[in-house]
Structure formats: structure tokens, C-alpha cells
Novice: 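Got a structure for you, written out below as C-alpha cells; questions coming shortly.
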Amino acid sequence: MKFTSLSILAATTVLAGAATAETWDMPMAYPASNYHTENAQTFADAVAECTGGELEIVIHAGGSLFKGDEIKRAVQLGEAQIGERLLSAHANEDAIFAYDSVPFLATSFEASEKLREAALPTLSEVLADQNIVPLYSVPWPPQGLYFSKPVSEPSEMEGVKFRAYNSITARVAELSGMVPTQIEAADLKQALATGVVSSMISSGSTGVDESVWEDMTNFYDVKAWLPRNTVFASKDAFDGLSDEARTCLTDEAEKAQIRGTEKATELAGGFVDTLASNGMDVNPPSDAVTAKLKEIGETMTSEWLETTGEKGQTIIDAYKAD
């Protein structure tokens, strides 16, 4: 069999392209149907197209590759090249990670975006020390309180078993007299069905994802804060890309942040309507509960600033600046 110089050149080019192509694993804690995961899939598809196949990102939804609490460390260690995580779940490592979950600091999508911008320089420095590069973040809708019974007085929260997903939510439980239990998103449905927890603070999105009306009865739209899911890459993997691939990745990340935020805004009211249409009692909190939550918010803001010191104050100052 004879090979022409042209066919040899073509084969060499294909092999060279195959040698430089990379596949990144992207573990995510939430199901494939969740808007964060759908947004990430669109991001991954766009990166593959933009890089001409140089970089392929494979989504592993629902904690199938690493559970939620394992994702950040997996990226730090290079066991996964990219991942998505609710960074506030790691506030025990560094309280700066809880910037987006300080109760009643940012209670709208516009405020959440302003807070993200204010926090990004400090957050990037902290993550760089952990071999991580932040790429984009997308908010959840405002957080509400779910219960398996009506609650109109603060005393009715005392002793209730509360699903915590980070140190912030655990502290909310403690200050309100509830009993916090750490439950990851992938385990939430079973925890509700078996009575391991009977209350939580979360967005309408989580409530719909988990069909919580099967196990809970009341939703109070307290708009406590808008936590953000952050997508980040291993710095080693990021630095190993070509300049062109890095540009594609960061450009598509910016688009994903805008797209995901628009989707969250669009879905927010619909999630609450879905809870109501499936039989949940949806209401604003009572005046007594509102007063208690405001007191909790003031306490927790002071505690966060005491813990974060100058770094936290820098974020707050930038956020409140005109």
C-alpha cells in the first residue's frame, strides 16, 4: 500500500490534534434537570465548539462522580479539572466563602450581582492559594423557610429538625432554636421522607426539584439571601491550556454567568407558584417571625465581619459604595 505525502500530512495533523485535545471532568451536586446543571451543559458545549474540540468538558450531575462536599477538594487536588460548588458550604475553611449567604445583606438579584462583583477580587485571592480559579457564579432564587407545620411564632421553631447545608444555615438554626443537621442536596429527598429533617431554608428551585410538597406543608417567602453556585477550575489545568483555549473558556464562562442569572430571575416566581399549586401553604412570614429573623441577620452580619476582619470589611465597603 502506498501513501502519498498529502495523506501522511493529513494523518499527522489528526494525530497531533488528538494529542493536544483534553477532556475535563466536571462534577456537579444537582440533578441534570436543574437550571444550574443545564446552564453548565450549555457552557460545556460552547467551550467544545469554541476550542474546536481542543477542550471537552464532561458533566457529571447529581453527585455521581463526587458528592457535593467532595467537589471542591477534588478540583484542588486535580482529581477533577473543573467543578461547581456552593462555596458557602466551605465557610469553615475560610469565612470569606460565605459572603453570599450573610442573611438579609443582599436580598434581590440586582443586589446579589453587586455583592458578587464586590467580593470577586478577595475571593479570587483566597481561591488562588488553594490552586483554584473561579470562572463564573449563578445565584439561586431568594431563600425561603420550609416547614412540615405552620409557624407563626418564633417559639414554634424551637426543637425543629432543620436541614443545614453550610455553617451559615446551621447558625440560622441555632439562633432560632432549631436543631441543624447537615444534609447534602443528593440526600435531601430521603432525609425529608424519613423525617431526619422537617424544615429547611432554601430556594423555590430546590423545593420543586425535590417535590417537597410530598413531605412538607408550609413555605414562608422570607427572601433571606441569594446563595450562588460557583464554577471553578484547577489552576494547574487552567494554566495548562493554550492561550486560545483559556480565552474561549473565560469568554463562555462570562456568558454562562449572564445566562444563568437571567434564568434564575425568570424562574424565581414560577417556583413559588409551583409550590402553591401542589398544595403548599405559601405566605410571607408573620411579623413576629420577621422580627426574629431580622435580629438573627444583624447578629450574623456582625459575626461574619468579626471572623473575616479586613477582608470582609473590604467586601462590605465595596458592596455599599455608590
Side-chain angles (χ1 to χ4, degrees), residues 28-30 34-40 42-43 71-72 75 82-91 93-130 132-143 165-169 201-206 223-233 235 238 249-268 297 300-301 304-305 307-322:
M28 303 185 70
Y30 297 90
N34 183 273
Y35 74 93
H36 285 284
T37 313
E38 290 176 343
N39 185 43
T42 302
F43 163 70
I71 291 174
K72 178 173 170 289
V75 174
I82 187 172
E84 181 193 63
R85 180 62 169 152
L86 192 75
L87 283 180
S88 58
H90 298 278
E93 297 176 24
D94 193 313
I96 287 296
F97 292 145
Y99 80 93
D100 59 343
S101 298
V102 179
F104 306 104
L105 178 60
T107 58
S108 68
F109 286 103
E110 294 78 12
S112 175
E113 177 60 19
K114 186 176 181 182
L115 181 59
R116 181 201 65 79
E117 291 178 354
L120 185 58
T122 300
L123 184 66
S124 297
E125 289 179 8
V126 172
L127 289 173
D129 289 340
Q130 299 183 347
I132 290 176
V133 176
L135 295 175
Y136 71 87
S137 74
V138 170
W140 290 94
Q143 302 287 281
Y165 58 79
N166 58 21
S167 61
I168 295 292
T169 51
I201 191 165
S202 195
S203 69
S205 175
T206 299
K223 293 182 171 62
W225 64 83
L226 288 77
R228 303 182 71 96
N229 279 10
T230 300
V231 170
F232 44 81
K235 188 174 185 302
F238 182 82
L249 188 70
T250 54
D251 286 351
E252 294 304 330
E254 184 176 352
K255 294 175 187 176
Q257 183 166 277
I258 295 170
R259 182 176 59 242
T261 301
E262 290 175 347
K263 188 65 174 180
T265 306
E266 172 193 333
L267 293 173
M300 293 183 65
T301 299
W304 186 74
L305 286 172
T307 304
T308 57
E310 185 177 342
K311 288 181 179 179
Q313 193 63 57
T314 297
I315 292 173
I316 297 297
D317 290 345
Y319 170 61
K320 293 185 175 181
D322 293 334

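All values below were derived from every heavy atom in this structure, side-chain atoms included, with hydrogens, water molecules and symmetry-related copies excluded.
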Novice: Below 4.5 Å, heavy atoms only, C-beta onward: do I315 and L115 meet side chain to side chain?
Specialist: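 Of all side-chain heavy-atom pairs linking L115 with I315, at least one is under 4.5 Å.
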Novice: What's the shortest heavy-atom distance between W140 and S203, and which atoms?
Specialist: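 Taking W140 first and S203 second, the nearest heavy atoms are CE3-OG, 3.4 Å.
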Novice: Measure across A95 and T307 and return the closest heavy-atom pair with its distance rounded to 0.1 Å.
Specialist: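 For A95 and T307, the tightest heavy-atom pair comes out as CB-CG2, 3.5 Å.
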Novice: Listed by chain and number, what are the side-chain hydrogen bond (donor to acceptor under 3.5 Å, both in side chains) partners of K235, not counting sequence neighbours?
Specialist: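 Testing K235 for side-chain hydrogen bond (donor to acceptor under 3.5 Å, both in side chains), a comparison that skips the adjacent residues, returns D239.
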Novice: Would you call P142 and T107 a side-chain contact if the rule is heavy atoms closer than 4.5 Å?
Specialist: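 No; the side chains remain at least 4.5 Å from each other.
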Novice: Considering all heavy atoms of both residues, which atom of S112 and which atom of A106 are nearest to each other, and what is their separation?
Specialist: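 Nearest heavy atoms, S112 then A106: N-CB, 4.0 Å.
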Novice: Would you mind writing out the side-chain donor-acceptor pairs for residues 82-91 within the sub-3.5 Å range, not counting sequence neighbours?
Specialist:
from, atom 1, to, atom 2, distance (Å)
E84, OE1, N229, ND2, 3.4
R85, NE, G68, O, 2.9
R85, NE, H90, NE2, 3.0
R85, NH1, G68, O, 3.2
R85, NH1, E184, OE1, 3.4
S88, OG, S101, OG, 3.4
S88, OG, N166, ND2, 2.7
H90, ND1, E93, OE2, 3.0

Novice: Restricting to pairs with a member in residues 255-267, which pass salt bridge (Lys or Arg N to Asp or Glu O under 4.0 Å), not counting sequence neighbours?
Specialist: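 Every pair satisfying salt bridge (Lys or Arg N to Asp or Glu O under 4.0 Å) with a residue in residues 255-267: E252-K255, K263-E266.
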Novice: Applying side-chain hydrogen bond (donor to acceptor under 3.5 Å, both in side chains), name anything that partners Q257, two or more places apart in sequence or on another chain.
Specialist: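 So Q257 forms no side-chain hydrogen bond (donor to acceptor under 3.5 Å, both in side chains) with any residue.
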Novice: For E125, which residues count as a side-chain hydrogen bond (donor to acceptor under 3.5 Å, both in side chains) partner, sequence neighbours excluded?
Specialist: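 Listed in chain order: nothing, the list is empty.
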Novice: With Y30, which residues qualify under side-chain hydrogen bond (donor to acceptor under 3.5 Å, both in side chains), at least two apart?
Specialist: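 Once residues adjacent in sequence are excluded, Y30 has no partner under the side-chain hydrogen bond (donor to acceptor under 3.5 Å, both in side chains) criterion.
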Novice: Can the ring centroids of Y319 and Y99 be said to lie less than 6.0 angstrom from one another?
Specialist: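 No; Y99 has its ring centre 6.0 Å or more from that of Y319.
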Novice: Kindly indicate, with the supporting measurements, whether the criterion side chain to side chain contact (heavy atoms under 4.5 Å, CB included) is fulfilled by H36 and R228.
Specialist: CA-CA 10 Å; H36 285 284; R228 303 182 71 96; over 6 Å; no
Novice: Please find the pair of heavy atoms, one from A40 and one from Y136, that lie closest to each other, and give the distance.
Specialist: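 Distance-wise, the nearest heavy atoms are CA-OH, 3.6 Å.
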Novice: Would you say that S205 contacts L267 through its side chain, given a criterion of any heavy-atom pair below 4.5 Å between the two side chains?
Specialist: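 A side-chain contact is absent here, since even the closest heavy-atom pair is not under 4.5 Å.
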Novice: With rounding to the nearest 0.5 Å, note down the distance linking CZ in F43 to OG1 in T37.
Specialist: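 The CZ atom of F43 sits 13.5 Å away from the OG1 atom of T37.
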Novice: Show the numbers, then the answer: is there a side chain to side chain contact (heavy atoms under 4.5 Å, CB included) between F104 and M300?
Specialist: CA-CA 10 Å; F104 306 104; M300 293 183 65; over 6 Å; no
Novice: Going through the checks in order, is the side chain to side chain contact (heavy atoms under 4.5 Å, CB included) test met by F97 and L123?
Specialist: CA-CA 7 Å; F97 292 145; L123 184 66; 3.7 Å; yes
Novice: Just verifying a value: how many Å separate T250 OG1 and L135 CG, rounded to the nearest 0.5 Å?
Specialist: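 So the gap between those two atoms works out to 8.0 Å.
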Novice: Could you walk me through whether V138 and R116 satisfy the side chain to side chain contact (heavy atoms under 4.5 Å, CB included) test, starting with their C-alpha distance in whole Å, then the side-chain angles of each, then the deciding distance to 0.1 Å, before giving a yes or no?
Specialist: CA-CA 10 Å; V138 170; R116 181 201 65 79; over 6 Å; no
Novice: Between the main-chain N or O of A111 and the side-chain N or O of S108, is there a donor-acceptor pair closer than 3.5 Å?
Specialist: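 Pair found, side chain donor or acceptor close to backbone of A111.
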Novice: To the nearest 0.5 Å, what is the distance between OG1 (T122) and CD (E310)?
Specialist: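 Rounded to the nearest 0.5 Å, the OG1-CD separation comes to 9.5 Å.
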Novice: Starting at OG1 of T206, measure out to CD1 of I201 and round the result to the nearest 0.5 Å.
Specialist: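 The distance works out to 11.5 Å.
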Novice: Quick check against the 3.5 Å criterion: does W225 have a side-chain atom that pairs as donor or acceptor with the backbone of Q143?
Specialist: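 Side chain of W225 to backbone of Q143, a donor-acceptor pair under 3.5 Å: no, none is there.
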